[in-house]
There are 2 protein chains.
Amino acid sequence: MKVTKEKMAEHREKIIASAAKRFRERGFEGIGVAELMKEAGLTHGAFYGHFASKEELVELAMERAFRDSNAKWEKVIAEAEGDPLQALGEFYLSLRHWKNAGTGCIFPSLGGEITRQPTRVQNAVTEGLQRFLGLLGGAIRGQTEETRRRKAIAAYASMVGGMVLARSTKDPALSAEILEAVSEALPGIAASAPTP
Amino acid sequence: MKVTKEKMAEHREKIIASAAKRFRERGFEGIGVAELMKEAGLTHGAFYGHFASKEELVELAMERAFRDSNAKWEKVIAEAEGDPLQALGEFYLSLRHWKNAGTGCIFPSLGGEITRQPTRVQNAVTEGLQRFLGLLGGAIRGQTEETRRRKAIAAYASMVGGMVLARSTKDPALSAEILEAVSEALPGIAASAPTP
DNA sequence: ATTATCTATAGATCTATAGATAATGC
DNA sequence: ATTATCTATAGATCTATAGATAATGC
């Protein structure tokens, strides 16, 4: 039953990728080790040859999710024809993102649960968030570095909260209304004068 | 072991109050029926004399949490000396709220989990959210009803997302920076022109 | 007599581990 | 010989239920 080194590395990647997706879809406790391993075509006993614990997988899955999201954001910024913030807002506050939690931003899916995770997971999230704010700050106009960072934080908070609210109801009209209203408010955040 | 009707009603209230608090602190799956009953001074078997299922308690706890929050918001609006939106923003984006998830807004605590709850729970949340937006819309300046509602949605999304991000890190400086940046951006949202 | 609560337990999870199996790679 | 995976299971949950107990309230 032993496999080649390459196969084993593939298995590991597959487990992390499944976890990154399923955790965002169902929460950290919404899928167990056994089902994740089944998705990778393995038995759950084999899990502990790859990872020391489920907690370790949670950490790796968060890093993976951040890397994937980062790549998407960079692409949206690079391909934006007009204002990059507006392009990011449309990308984030889209029906596509609303429907696909598994491939989307971790905060609307797992925001509440992250607070209850062990320190190592929270540290991975903090690093990812800081990198993200740097990326977003670069896409926002502002006189000083500090202004751009503040605007990035405010804009990102709007987007995250907008998705949380839009996903919390099954009323499609209300969801659409929320996504639209938050989208429209983004320029106001980007244009607001920095209060010293 | 039978108790008076009044005592039983008290027990019921105590269970719902504990649930409303603990669910916000630990998530819906973070506390079980047995521990909730222990907090009310009862055994877990007695639970099913009060509620048909844990799901029913989740629904009742959400209604309770919304009622409590609503009362707090009304108080803040009534007692606001300047701009009520600014007062609400300071109240919501405070260190006090950051530290006390159990008595705070349900969305930063349970936002991600609500999507995965059964319809009856989501319906309770949708009703609560709509009432909330009505309350907030009344505290925001704007020419038309529609404008006020849009601004209310955008402002609330900012606050919710700000708290999600602030709670997702253990770095106190980053948390404080996020709460401050989102607070400062609120006037920009309230002042933004409605895009037709 | 009725019923709110308690004791005890069924049945279904879940994480993690121990030892067996079989294929890689020296 | 080493080791990635598998089988089987320990031990700890959790929701829900059945039947016993004892106090209320007719």
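So that the names make sense, note that chain A is the first sequence line, chain B the second, and so on, each numbered from 1.
Atom CZ in Phe51(B) sits roughly 13 Å away from atom P in dA4(C) (whole-Å rounding). What separates CG of Leu57(A) from P of dA16(C) is a distance of 11 Å, to the nearest Å. Between His11(B) atom NE2 and dC6(C) atom C1' the separation is 13 Å, expressed in whole Å. The separation between Leu36(B) atom CG and dA16(D) atom P is 12 Å, rounded to whole Å. Here dT17(C) presents its P atom at 15 Å from NZ of Lys54(A), a figure rounded to the nearest Å. Regarding Met8(B), its CE atom lies at a distance of 12 Å from the C1' atom of dT2(C), rounded to whole Å. Between Tyr48(A) atom OH and dG19(C) atom C1' the separation is 17 Å, expressed in whole Å. We find that CD of Glu6(B) is positioned 15 Å from C1' of dT3(C), with the value rounded to whole Å.
Between Lys5(B) and Ala52(B), it is Ala52(B) whose nearest contact on DNA chain D lies nearer the 5' terminus. Annotation: of the two residues near DNA chain C, Phe28(A) and Met37(B), the 5′-most nearest-nucleotide partner is Met37(B). A residue-by-residue look at Glu35(B) and Ala46(A) shows that Ala46(A) has its nearest nucleotide of DNA chain D further toward the 5' end.
For His44(B) against dA16(D), a side-chain N or O and a base N or O form a donor-acceptor pair under 3.5 Å. For a distance-only test at 3.5 Å, the side chain of Lys2(B) qualifies as a donor-acceptor partner of the base of dT24(D).
Nucleotide dT7(D) is matched to dA18(C) when pairs are restricted to Watson-Crick or G-U wobble geometry with both distances under 3.5 angstrom. In a base pair of the Watson-Crick type (N1 to N3 plus N6-O4 or O6-N4) or a G-U wobble (N1-O2 and O6-N3), with each distance short of 3.5 Å, dT24(C) is matched with dA1(D).
Atom NZ of Lys170(A) has more than 12 heavy atoms from other residues, nucleotides or ligands within 6.0 Å. Under a cut-off of 6.0 angstrom, the local environment of NZ in Lys21(B) is sparse, with at most 12 non-hydrogen atoms contributed by other residues, nucleotides or ligands.
Lys7(A) comes within 4.0 angstrom of nothing in the nucleic acid, heavy atoms only. Residue Gly32(B) is classed as a sugar-phosphate contact, given heavy-atom separations below 4.0 Å to backbone atoms only.
When the nucleotides dT5(C), dT5(D), dT15(C) are ranked by their closest atom to the side chain of Leu42(B), dT5(C) comes out on top. Side chain of Val33(B), nearest nucleotide from dT15(D), dG25(D), dT5(D): dT15(D).
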Please lay out, stage by stage, how Arg150(A) and Glu146(A) fare under the test salt bridge (charged side-chain N to carboxylate O under 4.0 Å, His left out). CA-CA 6 Å; Arg150(A) 285 191 182 192; Glu146(A) 199 200 338; 3.0 Å; yes
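How far CD1 of Ile15(B) is from CD of Glu39(B): 11.0 Å, rounded to the nearest 0.5 Å. Here the CD atom belonging to Gln130(A) is positioned 7.0 Å from the CG atom belonging to Asp171(B), to the nearest 0.5 angstrom.
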